[in-house]
Number of protein chains: 2
Amino acid sequence: MAKLAGVSGSTASLAFSGGSISSATRERVLTAARELNYSGPDPRARSLRQGRSGIVGVIIEDRVLNSFRDPMTLAALDGISQELGEGSGLLLLTATGDGESTIQSAVFDAAIFMGCSPHLARSIEIMRQRNVPMVAIEGQAFDGVLAVNIDNRHASAELAALVHTLGHRRLATVTLPLTSVRERAQLTDELVKTATTAVSLDRLLGARQVFANLGGIVAAGSSSDEGFAAGMELLSRPAEERPTAILAQSDLLAVGVIRAAEALALVVPRDVTVVGFDGARIEGFTDHDLTTVRQPATEKGRAAGSAVTALLAGETPGDVSLSSVLHVGSTSGPPAG
Amino acid sequence: MAKLAGVSGSTASLAFSGGSISSATRERVLTAARELNYSGPDPRARSLRQGRSGIVGVIIEDRVLNSFRDPMTLAALDGISQELGEGSGLLLLTATGDGESTIQSAVFDAAIFMGCSPHLARSIEIMRQRNVPMVAIEGQAFDGVLAVNIDNRHASAELAALVHTLGHRRLATVTLPLTSVRERAQLTDELVKTATTAVSLDRLLGARQVFANLGGIVAAGSSSDEGFAAGMELLSRPAEERPTAILAQSDLLAVGVIRAAEALALVVPRDVTVVGFDGARIEGFTDHDLTTVRQPATEKGRAAGSAVTALLAGETPGDVSLSSVLHVGSTSGPPAG
DNA sequence: CTGTTAGCGCGTTCAG
DNA sequence: CTGAACGCGCTAACAG
């Protein structure tokens, strides 16, 4: 025990954690510590004793690269980080949901799920037993998990209504992945039934409030490449069959769809209306002003962070619901003819 | 002690950590645990006892958003995550270098610095005393910190040589930030002297091996907006004074410079040659094939991850140096006239 | 203001 | 293969 050296017992503890102690003694302790190459309390022991580690777990279900290439997810992470400050670290855990992951053996005081599906039910169960506060950002509702959501369904319906008002009747959607499978596919009812990703499902259901049987393509992720591929598939048809409007579930997808349209010599919005979702500022997309819904991405993170803080302080904050705002840009217009 | 319940003492430990134990007993322990709502060993206590937490700290000096908006940094993080696998979590620590940050009190077994400056000297000192293995990705060399680097200087010189060979003699550079100050500025010798960011400095020095007094602008970050602003500043001059080539220290900056050129009605590469650095796939930048240097970004992360694994296993791996490869695209050409 | 005592929850001995 | 004792490094409470 390094403390017994120069001075005394656990008075050292106070010296390091800034307890009430005479500054003379504190000096003595600190110099003694230096001579003995003692660098302050061991974080592990401290966290055992205090029952707190200052770590907040952030659980994502995909690879790091895929998750944070999406500007909205990254913004949310940034919001969390801002709100929690330098006082606490963010423990990034990727849980694909298969076996026992680190999530069960890792040290953290609270958990934030970012867009996670119910695959993690078992992990959640364990954390609940341990009394670890949990917050889910746009995840499926779970008992004992505080939810931070945006009005996906409503906003999506609003966007669809706009398109409907413009006069469009034959349209298609490009959705985000509905499950953890990352493969492009036709949007079928069967697929919808097995959907586990709340965000995608809500946005779809919102759109279907206006266009009941809306079909289209499920993308393998949120990128303009995926949007391009889906766009090519949807728009490579004779004008009479081709959708006159496409609802993409993210701005990145929408940008890809627009590129596909241009590659097919179609003019947006004259030949086809394209709308997105997110309100992301996309590098190099300056030719058009995308019609979309702007969601408060950073705010989601902040709200989650502040909820965690409150929960750790023993308070009992309620669910949070944030709202997005419609932005009518230049990529939507009445159908041709 | 939950264990004393259904069965026995600390035999439970073996049941959970998979020690040699009769599977009958294990079953008994596990069911008893379930009934008692005992969810396995407490991570905090376990980590104290074992001296291992399964957590690797990743230290960045900027906001989360700024750091990971850069595709290279994100790719490196992904590489780390891939290499370490689900077995260990990544603890994201933002250390601006001011006061005592979480870095000193956080629980982790090893640390990876991503592009960190010597501001963290004190933190590093502490971790060294604690015997926490450290790896730096493109950071300044530090005693006891394993370095994972790419050949910034060499690659930059190679790129500059290409431009020189093409016949350019009047040029400018747009560098990444040289210090932790995020402000656009003229590149002065004074600024270079106070530089703390190894990457930027190395790339500059490499270019100066070919163009001795190369001047230009220090950007406030790696984004096309910054590149645009710098490009406007450099290119808004009469043709006789205007640089005929611009060396940007990142692809995002280069893209911005090209946009600035286009905004000024200059044609690339006829009126001005623009080269980047990174080899990033940039969303929506498809008109040009950027002349640049492709660096192995994911590899950097993997190398760091694998070094950490080795260090934790008690091995003593050496520094890693990865090399980039020149890519001659369509944004470079001989000077006009 | 300082020193003493008693665990935090677990992994590891060592004897049975 | 099991059960009992000990200690990891620290800190909350209390006694001096």
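Protein chains get the first letters and strands the later ones, always in sequence-line order, with residue 1 at the start of each. Quantities reported herein were computed from a predicted structural model and do not represent experimental measurements.
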Counting heavy atoms from C-beta on, name the nucleotide in D/dT11, C/dG11, C/dC8 closest to the side chain of A/Leu48. C/dC8
The helix from C/dC1-D/dG16 to C/dG16-D/dC1: angle between its terminal axes, five pairs each, to 10°? 30°
Report yes if some heavy atom in the side chain of B/Thr194 is under 4.5 Å from a heavy atom in the side chain of B/Thr179; otherwise report no. yes
Salt bridge (Lys or Arg N to Asp or Glu O under 4.0 Å) involving B/Arg182 - partner list, sequence neighbours excluded: B/Asp62
A/Pro296: partners by side chain to side chain contact (heavy atoms under 4.5 Å, CB included), with sequence neighbours left out: A/Ile150, A/Glu299, A/Leu322, A/Ser324
Sequence neighbours excluded, the answer for salt bridge (Lys or Arg N to Asp or Glu O under 4.0 Å) partners of B/Asp202 is B/Arg153
Closest to the A/Asp42 side chain, choosing from C/dG11, D/dT11, D/dG9: D/dG9
Between C1' on D/dG9 and CZ on B/Arg130, what's the gap in Å once rounded to a whole number? 11 Å
Nearest of C/dC10, D/dT11, C/dG11 to any side-chain atom of B/Gln50? C/dG11
Taking only residues two or more places apart in sequence, or in another chain, which ones meet B/Arg44 in a salt bridge (Lys or Arg N to Asp or Glu O under 4.0 Å)? A/Asp109
Between CG of A/Leu14 and C1' of D/dT11 the distance, given in whole Å, is 9 Å
Nucleotide D/dG7, atom P - distance to CZ of A/Arg49 in whole Å: 18 Å
Whole angstrom is fine here: how far is it from CG in A/Asn131 over to P in C/dG9? 13 Å
Can you pull out every side-chain hydrogen bond (donor to acceptor under 3.5 Å, both in side chains) where at least one residue sits in residues 124-144 of chain A? Sequence neighbours excluded, please. A/Glu125-A/Arg128, A/Gln129-B/Asn37, A/Gln129-B/Ser39, A/Glu138-A/Asn152, A/Glu138-A/Lys300
Contact class for A/Arg46 (heavy atom, under 4.0 Å): base, sugar-phosphate, or nothing? sugar-phosphate
